[in-house]
Structure formats: C-alpha cells, structure tokens
Amino acid sequence: MRESIRLGHIAGIRVGLNVSVLVIVAILVFGLSFGRFPEVYPDHATWAYVVAGLVSAIALLASLLAHELAHAVVARRNGVEVEGITLWLLGGVARLRGEPRTSGADLRIAIVGPATSLVVGAVFAVLAMLAAAVNAPDLLFGTLAYLAGLNVILAVFNMIPAAPLDGGRVLRAFLWWRRGDRTGAAVTAARAGRIFGLTLIALGFVQFMIGAGFGGLWLALIGFFLVTAAGAEEQQTRVHAALHDVRTADVMTRDPLVMDANTTVQELILNVVLTHRYSTYPLVENGRLAGLVTLNRVRATPPDQRHELTLGDVACPPEEVPTATPDELLTDLLPRMAGCTDGRAVIMDDSGQIVGLITASDIARAIQTADLRGVPQGTWPS
C-alpha cells in the first residue's frame, strides 16, 4: 500500500496512489462501459458508455479520497500525526503516526469516514433526483445513482465491527471506554476482523465453486486482506503494549560509527565494512545529518563504480531518515521506521548530534526483555 504516484497535498496532507489502483480503475471502466451500463441503459453510443465508466471510476476514487481525508483531518485535530493518504487496489488508507490518546478521539477518527461516505452518497442521490426531474439522459441518471449507491455500500461495509474496518475501530473505542483497557479492546477488534475475513474467504470460495466466477474470487481477496491486516494489527497492538513507556534511549545502540558523506564506497568497504561489525552508517556533512547508508545499499552498488561513488550518492536521503530524540517514546517512533532505511532510525540530541541508532534487532530485544522491566525509567542525561 505504499505510494507509487504522488498527487500533491490537500489540507496539508500528502496524497498519492499505489500503482495497484490502476487495476480497479480498469475493472470498473470495462465492467461499467461494456457490461452494466449498456445492459441497464441501452441505445447509447459506445463512447457515451466509456465516458460514463471513466467518470464513475474517477468519482469513486474521489469518494474514497474524501473518506480517508476525513479520517486524516480529524486525526490531526485530535493530536495524531498524519503521514499521508494512499489510494490502492481495495480502497484507501490514511497512514497515521501514533495512536489516539483517548477512546473518544479513537471514536471520532473512526466514525467520520463512514459518515463522510454517507454524505457523499446523499449528494450523488440528490444529483440523480435532479437529473430525473429535468429529464436528463437516463445514462447520466444511472451514473449518479450508481455512485450514490456505491458510497452508501462503502459506508455500511466499513461500519462492520471488525478491524481494520472503521467499524472495528468503533468497536475498539467502545470496549476501551467500557473496560479502560485499550490493548484488550484492540485485540478483540482484531480477532473479530480475522473471523469476518475468514467468513468472506469461505463465502467467496463457495460462490466460485457454484459458478459465480470473478465475484467469488474478489470476495475471497477482500477476506484475505482483512485476515492479514487484522493479524498484523493484533501483533502491532501486542508490540505497543510490550513497549509501553519505553524510550528510544532505553533500547538504542549508543555512539554509532558516523561517516563523512564524501567518503567513497570503496573506502568504506576497505576501512570499515571488512574490519568492523557495523552494518548501518549515519552520514554527516558540515555537522548535519546527510543521510543513512546500510550494508544492503553498499552491496547494491556496481563494483566497478565503488571507487567513484560517494556514500552521499548511495545513501537514503536525510529527509527520509526517521529521527527521534532520546526521550521520545519508542512506540511513537515505530510507525516512522519504514522506507529506504530498512527499519533503522537515527537518535539525535537537542543540539543535533547523533547519539544512537535503533535497528530491528534493538526492537526485538526490547520486546523479549519487556517483562523484565520493572524499574521506572529516568531521563536522558543532558
């Protein structure tokens, strides 16, 4: 679900497309232009059906964007950072950095998406009625009515109480409010999501066996996604519970080997890689973080160019390197540890000096030793 095509920013929130969204656009355009619309609204030119199919596909993407944008805006108003929105094969996702601090905030963030879809559906329904009232072409009425129904279905489906659907978030917020236990509430919602996903897979398989064809496979695909996402969400919840109140300073590898960005790849290999155990190298230039090089990025360089390429040439750029302060909670950093750094983050003090690194192995050790922590943590020494 990573962004492949960047569209820009809306309300200060980055919006992009995953290339898989082109698949659903092609399916919609073909299915509507040469299937549903000609069958239900005959006697129109082929180009009219194609235009109606394209408009429907684009309007659906816009509707999904409105749904996710509502989540993102409300999340930001409730103190949750938003990395961006990505539209993909099975809809859209608002990538949030961190979690809501209260059950009320959790509820508001969850429910605003389906509410927005209902509003969008109502707008299309009104437009469809206006088209009928002025005797507009039936194909125009049909397109608007189709979009109205699709948005209502989107809202209803998302309100099913099963994570990662919005209804699962509502269930989590309710259980969190009743029990006072966010972790337990999230695990219950995730398990509900897995049960619902397995049910969809079974229904899809049955439909396929009785001749429903593509419809059954599509249902099974949605079910598989829900099962996978719900399992990942349950695992993430347990990780966050294990790392509750753990600071980056508590788990980081201190005093990493810092390299100059102008060092050549060949020099790094000869002087460091082959003689030291390090596999991650923060770069500095003029006293500032200039990127991050991992052993994988070094190995990916062409051997005949290593004496010319500098570390700055092959590094993950500084704006894409996750950074944190020593006193920042590890759970707040985790959502940012993705992308070109291969799951690494750089820890910097208030003066901008690099004081540590966090890698996947550091996090794994923190989880393994979570039950051994019982002493309250102090503060990072100044």
Side-chain angles (χ1 to χ4, degrees), residues 1 4-5 7 15-70 85-93 113-114 116-160 165-166 200 203-204 207-208 210-226:
M1 291 183 286
S4 304
I5 304 170
L7 299 181
V15 178
L17 300 176
N18 181 276
V19 69
S20 64
V21 81
L22 301 178
V23 176
I24 190 63
V25 169
I27 291 173
L28 272 175
V29 172
F30 184 82
L32 293 175
S33 302
F34 301 99
R36 175 183 173 84
F37 286 162
E39 180 180 342
V40 180
Y41 309 104
D43 303 325
H44 292 277
T46 302
W47 67 264
Y49 293 125
V50 172
V51 169
L54 283 170
V55 169
S56 297
I58 294 172
L60 174 61
L61 292 182
S63 300
L64 292 172
L65 178 57
H67 180 111
E68 298 301 334
L69 192 61
I85 295 172
T86 301
L87 301 180
W88 71 299
L89 177 65
L90 296 180
V93 57
T116 300
S117 292
L118 282 177
V119 171
V120 173
V123 170
F124 279 120
V126 170
L127 292 175
M129 289 187 288
L130 291 175
V134 299
N135 294 319
D138 57 354
L139 183 57
L140 175 60
F141 166 80
T143 301
L144 294 170
Y146 174 78
L147 291 169
L150 209 56
N151 274 279
V152 171
I153 291 173
L154 177 65
V156 172
F157 180 77
N158 267 283
M159 281 304 296
I160 294 173
L165 299 175
D166 295 332
L200 290 184
L203 289 175
Q207 286 190 12
F208 179 76
I210 64 176
F214 182 78
L217 291 177
W218 190 256
L219 197 63
L221 176 63
I222 295 175
F224 176 77
F225 163 72
L226 290 176

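All values derive from a computational prediction rather than experimental measurement. Hydrogens, waters and symmetry mates play no part in the numbers below; they use all other heavy atoms, side chains included.
Minimum heavy-atom separation, G204 to L219: N-CD2, 3.8 Å. In terms of heavy atoms, A57 sits closest to V25 at CB-CG1, 4.2 Å. Counting all heavy atoms, side chain and backbone alike, P114 lies closest to A155 at O-CB, 3.4 Å. Annotation for L147 and A59: closest pair CD1-CB, 3.5 Å, computed over non-hydrogen atoms. Among all heavy-atom pairs drawn from A128 and F141, the shortest one is O-CD1, 3.2 Å. Summarising the geometry of A48 relative to L139, their closest heavy-atom pair is O-CD2, 3.6 Å, with the distance given to 0.1 Å.
When side chains are defined from C-beta on, I222 counts as touching F157, because their heavy atoms get closer than 4.5 Å. The closest side-chain heavy-atom distance from H44 to F37 is not below 4.5 Å.
For the atom pair OG1 of T86 and CG of L7, the computed distance is 9.5 Å after rounding to the nearest 0.5 Å. The structure places CZ of R36 at 11.5 Å from CG of L28, a figure rounded to the nearest 0.5 Å. Atom CH2 of W218 is separated from atom CD1 of I24 by 4.0 Å, given to the nearest 0.5 angstrom. With rounding to the nearest 0.5 angstrom, the CG atom of L127 is 9.0 Å from the CG atom of L140. For the atom pair L17 CG and L65 CG, the distance stands at 9.0 Å (nearest 0.5 Å). Rounded to the nearest 0.5 Å, atoms CG (L64) and CD1 (I85) are 11.0 Å apart.
For the side chain to side chain contact (heavy atoms under 4.5 Å, CB included) with S56, the lone residue among V51, L150, L32 that qualifies is L32. Just one residue in the list I160, V152, I153 forms a side chain to side chain contact (heavy atoms under 4.5 Å, CB included) with V156, and that residue is V152.
More than 12 heavy-atom neighbours from other residues, nucleotides or ligands sit within 6.0 angstrom of OH on Y41.
No donor-acceptor pair under 3.5 Å is formed between the side chain of Y49 and the backbone N or O of F34.
Side-chain N/O atoms of H67 and N151 include no donor and acceptor closer than 3.5 Å.
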